[in-house]
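Have a look at the structure below, then the notes.
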Amino acid sequence: MAAEPTAHELLRKHRPTLDQALEAIRTRAYWSPHPEHPKAYGENGSLDAAAGKAAFDALLGNRLDLADQPGIDDWVGGEVSPYGIELGVTYPHPDIDVLLPAMRAGQRAWRDAGPELRAVVCLEILKRISDRTHQFAHAVMHTSGQAFMMAFQAGGPHAQDRGLEAVAYAYAEQVRTPEQAEWTKPQGKRDPLVLTKRFTAVPRGIGLVIGCNTFPTWNGYPGLFASLATGNAVLVKPHPRAVLPLALTVRIARDVLAEAGFDPNLVALAAERPGEGIAKTLALRPEIKIIDYTGSTAFGDWLETNAHQAQVYTEKAGVNTVIVHSTDDYQGMLSNLAFSLSLYSGQMCTTPQNLLIPRDGIATDQGHKSFDEVTADLARAVDGLLGDDARANALLGAIVNPDVKARLEAAAGLGEVALASREVAHPEFPGAVVRTPVIVKLDGAKPDDEAAYMSECFGPVSFAVAVDSAADAVELLRRTVREKGAMTVGAYTTDAATEQAVEDACLEEAAQLSLNLTGGVYVNQTAAFSDFHGSGGNPAANAALTDSAFVANRFRMVEVRREA
């Protein structure tokens with residue numbers, strides 16, 4: 001009963017936002033409660049730019065205290081920013097034999113709270129994260145290598161939108177079944193059979209969120225909030241190079257849960273020692289019933305094959321393709337593609353890799369353009385976009401790890417280079433590794449080239465692949481999605497038959513398609529409440545962010561019936 005005043009206040013405060021989110025996922029129209037502009041923060045308890053930077057700086061070189069989390073047996077750390085500075089933050093290391101039982105202890109009260117109260121508690125967590133968006137932006141920037149503005153938006157409001165979207169879907173699925181029902185079956189001349197039935201959304205157990213290096217919050221929040229909103233406890237295992245943003249998230253969640261009268265151990269952190277590989281150990285624990293993972297195909301496949309006790313949601317790797325057949329806005333197409341290839345140094349699961357271009361060239365509003373002209377013009381568009389170092393740094397960010405740098409350097413040896421990568425000096429962070437994209441020309445008819453363009457080359461590497469015809473491009477697209485998966489597909493064409501063929505291929509292979517983008521929307525960007533990130537229907541991911549299927553299997557509806 002002690003939590004009732006807090007519950008009432010949370011419902012009054014957040015129920016309107018929940019209703020707006022429910023309407024947004026129904027209409028798929030644009031909506032966001034989280035401001036994208038840095039100047040929107042600084043009032044009503046939120047941190048402005050200076051306060052957010054100071055709050056981030058205060059974390060460096062110190063312990064991030066979760067002292068009330070059970071089973072702390074060590075303090076671990078070691079993050080080094082892609083911009084070349086050591087963060088020096090240490091985190092509690094868990095004794096999982098102590099922590100996991102403690103996490104289960106609070107689930108009954110959390111289950112009994114019901115879908116609505118769970119939802120508004122989650123919205124309070126998101127509100128407090130939103131208030132600290134400036135602090136989170138620096139934390140995301142210095143763990144992922146994103147440039148500040150991208151870290152601010154993608155790691156802040158866009159990630160918060162995805163978390164809220166997951167809460168909305170979770171709530172909608174749980175209340176689809178009524179809490180109670182009166183069941184009456186006529187029996188002719190005899191008295192009817194009458195039962196009272198009560199239905200409860202019952203959580204599966206403990207959810208495990210395995211974080212990624214490049215988008216720790218954007219990719220982490222959907223699973224975290226989907227599991228929490230459906231009544232599960234959540235253990236967050238960050239990527240060892242990107243612990244800070246998720247550790248801050250866990251700390252805020254624990255504070256909100258405790259203030260709302262729930263067990264803070266419903267959300268906990270599992271930071272690991274260097275080389276420990278705790279994710280495999282946790283993934284096989286019988287207490288873990290849900291796993292959310294973003295990362296390499298190899299480990300995603302391992303989870304799907306071995307974590308039999310858990311419902312596993314994976315976002316793995318794919319080979320994203322753009323068909324360039326024809327356009328009525330050649331400059332707009334080039335500009336749009338140049339930005340898509342450059343943003344965050346191509347270190348996004350949605351960045352285009354293969355550009356399929358007819359070897360005889362394409363029709364444009366500027367006349368016919370040969371294959372070589374298209375690739376040369378695209379190279380000039382990228383050069384023009386990134387020619388100024390200040391703008392280049394703002395778009396590219398830093399290379400997130402040495403593996404990406406190695407792939408970038410090796411790509412130049414795979415074929416004729418249409419655009420060479422160059423180093424960009426960062427005036428504020430001399431230790432940052434900043435590189436512009438490389439574009440390599442390959443031939444779709446040569447078996448030796450196929451090994452390159454049919455493998456994911458994560459990072460600022462793209463292949464301009466010559467194909468014989470539009471039909472060949474569509475067939476190669478179809479084969480690529482079916483065998484390797486794709487998070488995104490793009491196409492440029494003024495021909496209705498080609499457009500229909502591309503659309504049919506994407507519908508049949510379950511790939512998200514963007515057609516003829518020439519303005520300020522890009523193939524590698526998706527908006528919460530409207531766009532689906534992934535489909536769950538091809539090898540790149542077995543789930544979509546976010547749809548009903550992403551939340552509905554995180555709980556079970558259990559019935560208790562009595563004679564009335």
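Side chains included, hydrogens not; waters and symmetry mates left out as well; all remaining heavy atoms used. Counting begins at 1 with the first residue of the sequence.
Between Glu165 and Thr546, the closest heavy-atom pair is OE1-OG1, 3.2 Å. Between Pro92 and Leu269, the closest heavy-atom pair is CD-CD2, 4.3 Å. Contact detail for Gly318 and Glu456: the closest heavy-atom pair is O-CG, 3.3 Å. The minimum heavy-atom distance linking Ala201 with Gln174 is given by the pair CB-OE1, 3.8 Å. Nearest heavy atoms, Gln353 versus Val461: CG-O, 4.1 Å. The minimum heavy-atom distance between Lys127 and Asn44, with the atom names listed, is NZ-O, 4.2 Å.
Using a distance-only test at 3.5 Å, with no hydrogens or angles considered, no donor-acceptor pair links the side chain of Tyr171 to the main chain of Ala229. Between the side chain of Thr488 and the main chain of Asn524, no donor-acceptor pair closer than 3.5 Å is present. Between the side chain of Arg118 and the backbone N or O of Arg111, at least one donor-acceptor pair lies under 3.5 Å. Side-chain atoms of Asn213 do not come within 3.5 Å of backbone N or O of His239 as any donor-acceptor pair. Looking only at distances, no side-chain donor or acceptor of Gln146 sits under 3.5 Å from a matching main-chain atom of Tyr344. When atom types are taken as modelled, the side chain of Trp110 and the backbone of Leu228 share a donor-acceptor pair closer than 3.5 angstrom. Of the possible polar contacts, none joining the Arg128 side chain to the Ile125 backbone as a donor-acceptor pair under 3.5 Å is found. Checked by atom type and distance alone, the side chain of Asn232 pairs as donor or acceptor with a backbone atom of Ser227 at under 3.5 Å. Thr436 places a side-chain N or O within 3.5 Å of a backbone atom of Arg422 that can act as its donor or acceptor partner. No side-chain donor-acceptor contact under 3.5 Å links Asp547 to the backbone of Phe532.
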(request) Please assess Arg254 against Asp68 for the test salt bridge (Lys or Arg N to Asp or Glu O under 4.0 Å), listing each intermediate value before the final yes or no. (result) CA-CA 10 Å; Arg254 290 175 65 85; Asp68 59 341; 3.4 Å; yes
(message) Please determine whether side-chain contact (heavy atoms from CB on, under 4.5 Å) holds for the pair Thr249 and Ile129, giving the CA-CA distance in whole Å, both sets of side-chain angles, and the decisive distance to 0.1 Å.
(response) CA-CA 7 Å; Thr249 302; Ile129 292 170; 3.9 Å; yes
(message) Set out, in order, the CA-CA distance, both residues' side-chain angles and the distance that settles salt bridge (Lys or Arg N to Asp or Glu O under 4.0 Å) for Arg15 and Asp19, then state yes or no.
(response) CA-CA 6 Å; Arg15 181 70 216 207; Asp19 288 337; 2.7 Å; yes
(message) The test is salt bridge (Lys or Arg N to Asp or Glu O under 4.0 Å); show your working for Arg285 and Asp97 and say whether it passes.
(response) CA-CA 10 Å; Arg285 291 283 299 212; Asp97 290 326; 2.7 Å; yes
(request) Please report the C-alpha distance between Thr133 and Gln160 in whole Å, then the side-chain angles of each, then the deciding distance to 0.1 Å, and finally whether the side-chain hydrogen bond (donor to acceptor under 3.5 Å, both in side chains) criterion is met. (result) CA-CA 10 Å; Thr133 292; Gln160 296 152 22; 3.1 Å; yes
(request) Check the pair Arg251 / Asp255 against salt bridge (Lys or Arg N to Asp or Glu O under 4.0 Å), numbers first and verdict last. (result) CA-CA 6 Å; Arg251 185 164 71 176; Asp255 287 345; 5.6 Å; no
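Applying the salt bridge (Lys or Arg N to Asp or Glu O under 4.0 Å) rule to Glu36 yields no partners; only residues at least two apart in sequence or on another chain are considered. A search for ring-ring contact (aromatic ring centres under 6.0 Å, His included) contacts involving Tyr91 returns nothing, not counting sequence neighbours.
With rounding to the nearest 0.5 angstrom, the SG atom of Cys122 is 8.0 Å from the CG atom of Leu257. With rounding to the nearest 0.5 angstrom, the CD1 atom of Ile291 is 12.0 Å from the CD1 atom of Ile206. Atoms OG1 and CD, from Thr143 and Glu79 in turn, are 6.5 Å apart once rounded to the nearest 0.5 Å. Expressed to the nearest 0.5 Å, how far CD1 of Ile210 lies from CG of Leu246 amounts to 12.0 Å.
Residue pairs meeting the ring pair (Phe, Tyr, Trp, His ring centres under 6.0 Å) criterion with at least one partner in residues 62-84, sequence neighbours excluded, are Tyr83-His142, Tyr83-His426, Tyr83-Phe429.
By the 30° and 60° cut-offs, the orientation of the rings of Tyr522 relative to Phe339 is parallel. Ring geometry for Phe225 against Tyr221 counts as perpendicular: the plane angle is over 60°, on a 0 to 90° scale with 30° as the lower cut.
Tyr313 carries Arg554 over the face of its six-membered ring, with the cationic atom under 6.0 Å from the centre and within 45° of the normal. Geometric assessment of Arg132 against the ring of Phe56 yields a negative cation-pi assignment under the 6.0 Å and 45° thresholds.
For Tyr169 and Phe550, the ring centers sit 6.0 Å or farther from each other.
No side-chain N or O of Thr526 forms a donor-acceptor pair with one of Gln512 less than 3.5 Å apart.
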